[in-house]
Number of protein chains: 2
Amino acid sequence: MLNHSLIVRTAPQEVPAACANCGGRTAGICAALDTAGLEEISHETRRTAVRPHDMLYHEGDSAQSVVMLMRGVAKLTRQLPNGRQQVVGFRFAGDILGFTTRRSFASDAEMLTEGQVCRISRLDFEGMLARFPATQRRLIDLCSQELAEAQEQLVTVGRRQAEQRVAAFLIALAEAARRRGQSYDVLDMPMTRAEIGDLLGLALETVSRAFTQLKKRGFVKELGRGRVELPDIPALAAMAEGDIE
Amino acid sequence: MLNHSLIVRTAPQEVPAACANCGGRTAGICAALDTAGLEEISHETRRTAVRPHDMLYHEGDSAQSVVMLMRGVAKLTRQLPNGRQQVVGFRFAGDILGFTTRRSFASDAEMLTEGQVCRISRLDFEGMLARFPATQRRLIDLCSQELAEAQEQLVTVGRRQAEQRVAAFLIALAEAARRRGQSYDVLDMPMTRAEIGDLLGLALETVSRAFTQLKKRGFVKELGRGRVELPDIPALAAMAEGDIE
DNA sequence: CGGTGTCTTGACGGTACTCAAAATCTGTGG
DNA sequence: CCACAGATTTTGAGTACCGTCAAGACACCG
């Protein structure tokens, strides 16, 4: 339980440069590379299509490569001895998964949706870090962001009750969509109640009841198949903070 | 709730170099500096004695300086709107506090014990990062460690019940002592039941009851005033994992 | 020795978990 | 297009764990 991983989140719209071999989309760390660096990294990446339930890597596996999630949604989980799982977080297009300074991955990474990933070997990634110091600075920024989210999640799980936790989850989901430049009042939510529960430390039934309540209050509408509308985000945020009700 | 901080933990015994102006103790980032770097940073640090309840910085304050904790124990907390607090973590001698890529600190930092700190202005710290790329690599490693602990804490708060959480807390405390090269079967525990509860998402009474149980089972002995003995760490770890009882 | 802060223990109630069953949705094949 | 199987979601009932309130014990300090 003492191994660890560094899973960083990128902010594409803050990143002007494009990653050569990654379909023209801007992907995280690439922003810190100059032309020579992009040229170099483009020889070292492989692009793959992935489908729901595909495992990107397993907890404990030798961390041979880093994965850039180009399209789709993935979940990071840690297995517990009693057979249950803790969802450590969800990751979206533009995020980097599986970078760690340790030998092995600290969590499972599983796709929730279809998508595409770029893989780069850890050796090449490390080499890139050594040759382009600017990428290191960028990794620190990304890690900083990641850490902030983990701490925020700690507050959610530690000090809020069920309905507040679900509200906080929805706010975080909207914030992630906003950062990717997508609409954030109507957004994709491809995760199941069970997976949300495993993130929030709640039973899936409790998550379901919380959604029912939030829908009754008019804070959430479900538009069918993993798509939700948040008609009043400020009110939802206030509820997550415990300011109302 | 969307600001963030990077608070990194060092591992002194893995760090051969010494920080010139820091009393000969090895302190985190310094390991990545060559002689010129040490010379330079030694001009930029200030040493201060601190006492219990001293605030090292406040959440939201402009992040003007980075704090190296040379001696003592501090807690990092985030305030919640309803007046309660979440303890994000405890920090020990050798840890670096308050480094962030954002403008302001993401948490309060308060001393629990007497101690000593070195301060370096953020500007100088950033300058050092720019001039000595090796320090960036080291910051990434430290951040990686920090993130792993936050995720571990998520598992603890999300999926364990009260007695398991307290057991996991004690194991983490012992692990932190081990990393600092101290004894880990007998160790200092200067935090109150309330502070432990605010870390674990439990009421202080629940923490107290859990300690009573653990003492009855013989997993913990209290040696008076903030000092505990862990006679059977493997059993304690098994309990934290939910393997026994 | 009193005052303050911390810790312990007890009683009670509420939130959320568990177990269970029904309802709804989704995709597949006839 | 419809029927069906499987997965997911919803809802209900009962219970357990933990939070809250309260009182007393204990330790520390002036």
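What you see is a predicted model, and the numbers here were worked out from it, not measured in a lab. Numbered from 1 within each chain, the chains take letters A, B, ... in sequence-line order.
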> Rounding to a whole Å, what distance do you find between A:M191:CE and D:dA7:C1'?
Replying inline: 18 Å
> Under 4.0 Å between a Lys/Arg side-chain N and an Asp/Glu carboxylate O for A:E152 and A:R160?
Replying inline: yes
>> Just the rounded figure in Å: distance from C1' of C:dA20 to CD of A:E205.
In response: 10 Å
>> Would the base of D:dG19 count as contacting B:R209 through its side chain, where contact means a donor and an acceptor less than 3.5 Å apart?
In response: no
>> Measuring from the side chain of A:T212 (C-beta onward, heavy atoms only), which nucleotide among D:dT10, C:dA16, D:dC18 has the closest atom?
In response: D:dT10
> Taking CZ from B:R51 and C1' from D:dC29, how many angstroms apart are they, rounded to a whole number?
Replying inline: 14 Å
> Which residue lies toward the 5' end of DNA chain C, A:G226 or A:Q161, if each is placed at its nearest nucleotide?
Replying inline: A:Q161
> Counting any heavy atom closer than 4.0 Å, what does A:R225 reach on the DNA or RNA strands: base, sugar-phosphate only, or nothing?
Replying inline: sugar-phosphate
> Touch check for B:T192, heavy atoms < 4.0 angstrom, all strands: base, sugar-phosphate only, or nothing?
Replying inline: sugar-phosphate
>> Both A:R159 and A:T206 contact DNA chain D. Which one's nearest nucleotide lies toward the 5' end?
In response: A:T206
> Are any of the side-chain heavy atoms of A:I233 and A:F219 separated by less than 4.5 Å?
Replying inline: no
> Has the side chain of A:E149 got a donor or acceptor atom that lies under 3.5 Å from a matching backbone atom of A:E146?
Replying inline: no
>> With a 4.5 Å cut-off on side-chain heavy atoms, are B:E59 and B:F105 touching?
In response: no
> Reckon A:S208 has a side-chain N or O less than 4.0 Å from the OP1 or OP2 of D:dT9?
Replying inline: no
> With a 4.0 Å cut-off, would you call A:E222 and A:K215 a salt bridge?
Replying inline: yes
>> Rounded to whole Å, please give me the gap between CG in A:L202 and C1' in D:dC18.
In response: 15 Å
>> Using whole Å, what does the distance between atom P of nucleotide C:dA16 and atom CZ of A:R160 come to?
In response: 14 Å
> In whole Å, what is the span from the CZ atom of A:F211 to the C1' atom of D:dT8?
Replying inline: 13 Å
>> Under 4.0 Å, heavy atoms only, any strand: does A:G201 hit a base, just the sugar-phosphate, or nothing?
In response: sugar-phosphate
> Hey, which of these two, A:G224 or A:R84, hits DNA chain C nearer its 5' end, going by closest nucleotide?
Replying inline: A:R84
>> Could you tell me how far apart A:I196 (CD1) and D:dT9 (P) are, to the nearest whole angstrom?
In response: 8 Å
> Between A:R165 (CZ) and C:dT15 (C1'), how many Å, whole number?
Replying inline: 10 Å
>> As a test of reading the structure: which of C:dT18, C:dT8, C:dA16 is closest to the side chain of B:L204, going by heavy atoms?
In response: C:dT8
>> By the 4.0 Å heavy-atom rule, please label B:E222 as base, sugar-phosphate, or nothing.
In response: sugar-phosphate
